[in-house]
Amino acid sequence: MASIGQIVEQTPSSEVLSRAQARAILVPDCMVEAKRIANTVIAGWHGRRKRGIGENFWQFRPYAEGESLSRIDWRRSARDDHTYVRDREWEAAHTVWLWADMSPSMMYKSTLALVSKESRALVLMLALAEILARSGERIGCPGIMEPVSARNAAERLAAAIMHAPPTTGLPETAMIRGHSDIVLIGDFLDDADKVMERITPLGRRGLRGHVVEIADPAEETFPYTGHTEFTDPETGEKLVSGRAEMIREDYQRAYLARREALGEGLRRLAWSFVFHRTDHLASEALVAVHGYLSGMPARRPSGERP
């Protein structure tokens, strides 16, 4: 059987310069793609402004189910058969921390995918940075870049990533102070309980969090048949299956159970959760995450499971 996917070989961790050069090759292309997607997503939006706490009127918009009734503008709603909410313009810069997993498992790309998980995670992070910077927000990356409020924040983040050492696991967050937002982008293939052990203390500190799980379509559909050798990109351990199709149902059951457990844990913490496959458009996940960051009910991207 032809190979369905592969791991892009990493340079040994001792050769820091070579690994930095490899990352430097990927990031500029991701920055170009991030800007293209950001421009597409914000087309027709209100420029730098966004709704939030403030005194200045911004816009009327249709009421969304689940919002507080106190926000309804009854005078405007009385003009026709629709219910409208009065939005005010956001007046204070907010700090948003962005992080993308750069561990070995993120380098996987199957023949069913458009890009590697690492590439998609970088594009989403940089596109978010671009949109948020245009809105006047402060952008930071745990352990890589202190928060900055600048129009070129995305470019500065890209430059910082090119020179950052490879990481494994969730980032250190001791430097994060106050009530900020944090966006974590990765594949989160560890047991849900282990992931929540790292995330729960962040929620208890007052951080408002958003998790984006990136998956290659082969990881979800398990299209393997016949004699197949599986390799753990983190440990190098191998598993050989004589008839891979025989374990497909058990694998898919365990895979989905892990995701559902993670999603449930995040909901209990009042964090948002977005699942995104690399055979879908990056803009779908970007719109969903930005909706959560803006405090708006986000519609689930089409074709994606919860």
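Values below: all heavy atoms of this structure, side chains included; hydrogens, waters and symmetry mates excluded.
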**Student:** Are R36 and E130 close enough for a salt bridge, meaning some N to O gap below 4.0 Å?
**Tutor:**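 Answer for the salt bridge query: no.
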
**Student:** Kindly confirm or rule out a cation-pi arrangement of R253 over Y251, judged by NZ or CZ under 6.0 Å from the six-membered ring centre and within 45° of its axis?
**Tutor:**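 Geometry flag: not set, cation outside 6.0 Å or 45°.
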
**Student:** So, S110 side chain and L112 main chain: donor-acceptor pair closer than 3.5 Å or not?
**Tutor:**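 Side chain of S110 to backbone of L112, a donor-acceptor pair under 3.5 Å: yes, one is there.
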
**Student:** Is the backbone N or O of L269 less than 3.5 Å from a side-chain atom of R204, with the two atoms forming a donor-acceptor pair by type?
**Tutor:**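 Not confirmed, R204 side chain does not pair with L269 backbone.
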
**Student:** Do you know the tightest heavy-atom contact between M106 and I214?
**Tutor:**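 Of all heavy-atom pairs spanning M106 and I214, the closest is CE-CB, 4.5 Å.
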
**Student:** Are L157 and M162 connected in the hydrophobic side-chain network, where two residues link if heavy atoms are under 4.5 Å apart?
**Tutor:**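 Yes, one cluster joins them.
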
**Student:** What closest approach, in Å, do T95 and R138 show between heavy atoms, and which atom pair accounts for it?
**Tutor:**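 It is OG1-NE, 3.2 Å.
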
**Student:** Could R277 and E219 be called an ion pair, given the rule that one side-chain N must be under 4.0 Å from one carboxylate O?
**Tutor:**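 Salt bridge: no.
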
**Student:** Identify whether I131 and V32 are in the same connected component of the hydrophobic contact network (ILVMFWY, side-chain heavy atoms under 4.5 Å).
**Tutor:**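 No.
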
**Student:** Does a side-chain N-to-carboxylate-O contact under 4.0 Å join E220 and R259?
**Tutor:**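 Looking at E220 and R259, the cut-off is met.
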
**Student:** Is it the case that T228 and R243 place a side-chain donor and acceptor less than 3.5 Å from each other?
**Tutor:**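 R243 and T228 do not have a side-chain donor-acceptor pair below 3.5 Å.
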
**Student:** Please confirm whether the backbone N or O of E237 pairs with a side-chain atom of T235, one donor and one acceptor, at under 3.5 Å?
**Tutor:**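 It does hold such a pair.
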
**Student:** For G186, does its backbone N or O pair with a side-chain atom of E213 as donor and acceptor, under 3.5 Å?
**Tutor:**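 Side chain of E213 to backbone of G186: no pair is present.
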
**Student:** How close do S149 and G136 get, heavy atom to heavy atom, and via which atoms?
**Tutor:**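 For S149 versus G136, the nearest heavy atoms are OG-O, 3.6 Å.
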
**Student:** What I'd like to find out is whether the side chain of I182 reaches to under 4.5 Å of the side chain of W271, using heavy atoms alone.
**Tutor:**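 In short, these two side chains touch, coming nearer than 4.5 Å.
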
**Student:** Taking L128 as the starting point, is it possible to reach V287 by hopping between hydrophobic residues whose side chains are less than 4.5 Å apart?
**Tutor:**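 Cluster IDs for V287 and L128 match.
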
**Student:** Please check: side-chain N/O of D191 versus main-chain N/O of D193, any donor-acceptor pairing under 3.5 Å?
**Tutor:**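 No.
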
**Student:** Are I72 and S77 side-chain neighbours, meaning at least one heavy-atom pair lies under 4.5 Å?
**Tutor:**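 In contact.
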
**Student:** Provide the closest heavy-atom pair for A153 versus A133 in the form atom of the first, atom of the second, distance.
**Tutor:**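 In this case the closest contact between A153 and A133 is CB-CB, 3.9 Å.
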
**Student:** K117 vs D187, test: salt bridge (Lys or Arg N to Asp or Glu O under 4.0 Å). Steps then yes/no.
**Tutor:** CA-CA 8 Å; K117 293 187 291 182; D187 54 16; 2.9 Å; yes

**Student:** Regarding R248 and the six-membered ring of F222, is the cationic atom NZ or CZ under 6.0 Å from the ring centre and inside 45° of its axis?
**Tutor:**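 So R248 doesn't make the cation-pi contact.
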
**Student:** For the pair S180 (side chain) and I176 (backbone), establish whether a donor and an acceptor sit closer than 3.5 Å, ignoring hydrogens and angles.
**Tutor:**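 Between the backbone of I176 and the side chain of S180 there is no qualifying donor-acceptor contact (under 3.5 Å).
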
**Student:** Are any side-chain N or O atoms of E245 and backbone N or O atoms of G226, one a donor and one an acceptor, separated by less than 3.5 Å?
**Tutor:**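 Yes: the side chain of E245 pairs with the backbone of G226.
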
**Student:** Side-chain contact, heavy-atom cut-off 4.5 Å: K109 with T278?
**Tutor:**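 A side-chain contact under 4.5 Å is absent here.
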
**Student:** Relative to F273, does R267 satisfy both conditions: NZ or CZ under 6.0 angstrom from the six-membered ring centre, and within 45 degrees of the ring's axis?
**Tutor:**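 The answer is no; the distance or angle limit is not met.
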
**Student:** Does one side chain, of R120 or H276, offer a donor that lies under 3.5 Å from an acceptor on the other?
**Tutor:**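 Result is yes, a qualifying pair exists.
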
